[in-house]
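Model, not experiment: these values are computed from the prediction.
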Amino acid sequence: EVQLQASGGGSVQAGGSLRVSCTASGDRFDDYAVGWFRQAPGKQREGISCIGAASNGNTSYVDSVKGRFTASRDDAENTVYLEMNNLKPEDTGVYYCATDLGQASSYALCHSRPTEWGVGTLVTVSS
């Protein structure tokens with residue numbers, strides 16, 4: 001069993017940057033893909049960025065964040081990061097990290113409903 005905790009959210013002006021972190025406790029998660037899911041106000045939660053297991057490290061991004069967001073992982077620290085640059089007001093939302101024990105593919109995780117979720121962190125981008 002793994003417990004996830006997202007942190008690092010905050011308020012920023014459009015064009016700014018933030019880095020959110022997801023730290024796992026309990027079992028290690030280097031064998032699993034980890035994803036970032038965003039729930040914008042009034043919208044459904046969507047997978048925006050996922051990184052594959054440490055053995056492959058492949059990344060997947062939704063089109064709206066490609067070129068601006070970068071996912072990375074530090075398995076020694078049991079932490080996954082999402083570096084967000086050139087933020088836009090439409091990036092506002094609660095960001096959750098999630099994983100699915102047994103899923104190593106970043107693409108598959110981002111297009112599924114993970115089983116393990118962390119408490120989200122709020123990102124607010126003002127224009």
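Listed for the Arg45 side chain is no donor-acceptor partner under 3.5 Å among the backbone atoms of Phe37. At least one donor-acceptor pair under 3.5 Å links the side chain of Arg73 to the backbone N or O of Gly52. Between the side chain of Gln103 and the main chain of Ser105, a donor-acceptor pair closer than 3.5 Å is present. Between the side chain of Ser60 and the backbone N or O of Tyr107, at least one donor-acceptor pair lies under 3.5 Å. Between the side chain of Asn78 and the backbone N or O of Ala24, at least one donor-acceptor pair lies under 3.5 Å. A distance-only check finds no donor-acceptor pair linking the side chain of Thr115 to the backbone of Asp100 [under 3.5 Å].
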For this session: I would like to know whether Val2 and Leu101 meet side chain to side chain contact (heavy atoms under 4.5 Å, CB included); could you show each step before the answer?
Result: CA-CA 9 Å; Val2 63; Leu101 303 185; 3.8 Å; yes
For this session: Apply the test side chain to side chain contact (heavy atoms under 4.5 Å, CB included) to residues Thr70 and Tyr61: give CA-CA distance (whole Å), side-chain angles for both, the deciding distance (0.1 Å), then the verdict.
Result: CA-CA 9 Å; Thr70 303; Tyr61 301 95; 4.0 Å; yes
For this session: Go through Ser64 and Arg38 one step at a time and tell me if the side chain to side chain contact (heavy atoms under 4.5 Å, CB included) criterion holds.
Result: CA-CA 12 Å; Ser64 62; Arg38 177 173 69 199; 3.8 Å; yes
For this session: Assess whether side chain to side chain contact (heavy atoms under 4.5 Å, CB included) is satisfied between Met84 and Val65, documenting all intermediate values.
Result: CA-CA 9 Å; Met84 304 183 290; Val65 308; over 6 Å; no
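Side chains of Val80 and Thr99 form no contact here, defined as non-hydrogen atoms less than 4.5 Å apart. A 4.5 Å side-chain heavy-atom check between Phe29 and Leu4 finds at least one atom pair inside the cut-off. Looking at Tyr32 and Leu109, their side chains never come closer than 4.5 Å, going by heavy atoms from C-beta outward.
For the residue pair Asp91 and Arg68, the shortest heavy atom distance occurs at OD2-NH1, 2.7 Å. The minimum heavy-atom distance between Gly9 and Thr121, with the atom names listed, is N-OG1, 3.0 Å. What you find for Ala14 and Ser127 is that their closest heavy atoms are CB-CA, 4.3 Å. The shortest heavy-atom contact between Asp75 and Ala54 is OD2-CB, 3.1 Å. For the pair Ser49 and Leu82, the tightest heavy-atom approach, listed with the atom from each and the gap, is OG-CD1, 3.5 Å. Considering every non-hydrogen atom in both Ser21 and Thr79, the closest pair reads CB-CG2, 4.2 Å.
Residues Asp63 and Lys66 are paired through a salt bridge, judged by an N-O separation under 4.0 Å between the basic side chain and the carboxylate.
Ser11 OG to Leu122 CG: the interatomic distance, rounded to the nearest 0.5 Å, is 7.0 Å. The CD atom of Glu1 lies 9.0 Å from the OG atom of Ser25; values are rounded to the nearest 0.5 Å.
Under the 4.5 Å side-chain heavy-atom criterion for grouping Ile, Leu, Val, Met, Phe, Trp and Tyr, Trp36 is connected to Val62 within one hydrophobic cluster. Grouping the Ile, Leu, Val, Met, Phe, Trp and Tyr side chains by contacts below 4.5 angstrom, directly or via other members, places Phe69 apart from Val94.
No more than 12 heavy-atom neighbours from other residues, nucleotides or ligands sit within 6.0 angstrom of CD on Gln13.
With a 6.0 Å cutoff to the six-membered ring centre and a 45° limit on the axis angle, Arg19 counts as a cation-pi contact of Tyr81.
In this structure, Tyr96 and Trp117 have perpendicular ring planes: the angle between them is above 60°, well past the 30° mark.
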